[in-house]
Amino acid sequence: MREQTADRAQILGEYIIETGATVRATAKVFKVSKSTVHKDVTERLRYDDPQLYREVKQVLEKNKQERHIRGGLATRRKYKGD
């Protein structure tokens, strides 16, 4: 069981780095919960693969800084009718 979660954390981390995807988007692609993705890439990767963890952390920080922009665009699309 431990091997499966370590492998999953590795796969999720690599996907986030390659695509720059958010936790929510990654969860949707892999059909797991946002909580699972977040726990895997922030807690499990820290010990299993520290280098990958640092790279994922950079992508997640970038996404966090941009989230207010994505939210504003979503609201604009909602009321504009696109």
Side-chain angles (χ1 to χ4, degrees):
M1 184 67 169
R2 175 79 177 125
E3 294 169 0
Q4 290 177 335
T5 56
D7 291 343
R8 183 182 64 214
Q10 185 88 16
I11 291 167
L12 294 173
E14 289 171 359
Y15 178 79
I16 288 172
I17 291 170
E18 290 172 8
T19 62
T22 62
V23 169
R24 185 179 295 237
T26 304
K28 190 177 279 191
V29 168
F30 288 93
K31 295 181 175 56
V32 295
S33 71
K34 295 181 300 183
S35 300
T36 299
V37 173
H38 192 267
K39 184 168 184 107
D40 282 352
V41 299
T42 59
E43 294 179 17
R44 292 191 175 106
L45 273 185
R46 181 179 294 175
Y47 302 107
D48 294 342
D49 191 344
Q51 177 61 35
L52 183 61
Y53 166 75
R54 285 189 291 275
E55 293 175 30
V56 170
K57 187 175 176 184
Q58 288 177 339
V59 174
L60 294 180
E61 282 298 318
K62 178 179 157 276
N63 287 341
K64 187 175 179 181
Q65 292 172 355
E66 295 174 348
R67 71 180 171 193
H68 69 281
I69 295 169
R70 285 191 302 274
L73 292 174
T75 302
R76 181 177 180 183
R77 282 192 304 271
K78 177 181 177 180
Y79 290 106
K80 189 175 181 183
D82 286 347

Check: Is there a donor-acceptor contact under 3.5 Å from the side chain of N63 to the main chain of A21?
Finding: yes
Checklist line | Minimum side-chain heavy-atom gap F30-V37 below 4.5 Å | finding: no
Checklist line | 4.5 Å side-chain heavy-atom contact, D40 and L45 | finding: no
Margin query: Restricting to non-hydrogen atoms, name the atom on Y53 and the atom on T42 that form the minimum distance, rounded to 0.1 Å.
Written below: CE1-O, 3.3 Å
Notebook entry, point to check: Looking at V23 and K34, what are the two nearest heavy atoms and their distance?
Noted result: CG1-O, 3.6 Å
Next item on the list: Can you measure from CD1 (I16) to CD1 (I11) and round to the nearest 0.5 angstrom?
Entry: 12.5 Å
Checklist line | Gap separating the CD1 atom of I17 from the CG atom of L52, nearest 0.5 angstrom | finding: 4.5 Å
Check: Salt bridge check: are R44 and D48 linked by an N-O gap of less than 4.0 Å?
Finding: no
Note to self: Which residues pass the salt bridge (Lys or Arg N to Asp or Glu O under 4.0 Å) test with K39, not counting sequence neighbours?
What the structure shows: E43
Check: Tell me, which pairs form a salt bridge (charged side-chain N to carboxylate O under 4.0 Å, His left out) where one or both residues lie in residues 18-33, sequence neighbours left out?
Finding: none
Note to self: By the salt bridge (charged side-chain N to carboxylate O under 4.0 Å, His left out) test, which pairs, at least two apart or in different chains, include something from residues 49-66?
What the structure shows: K62-E66, E66-R70
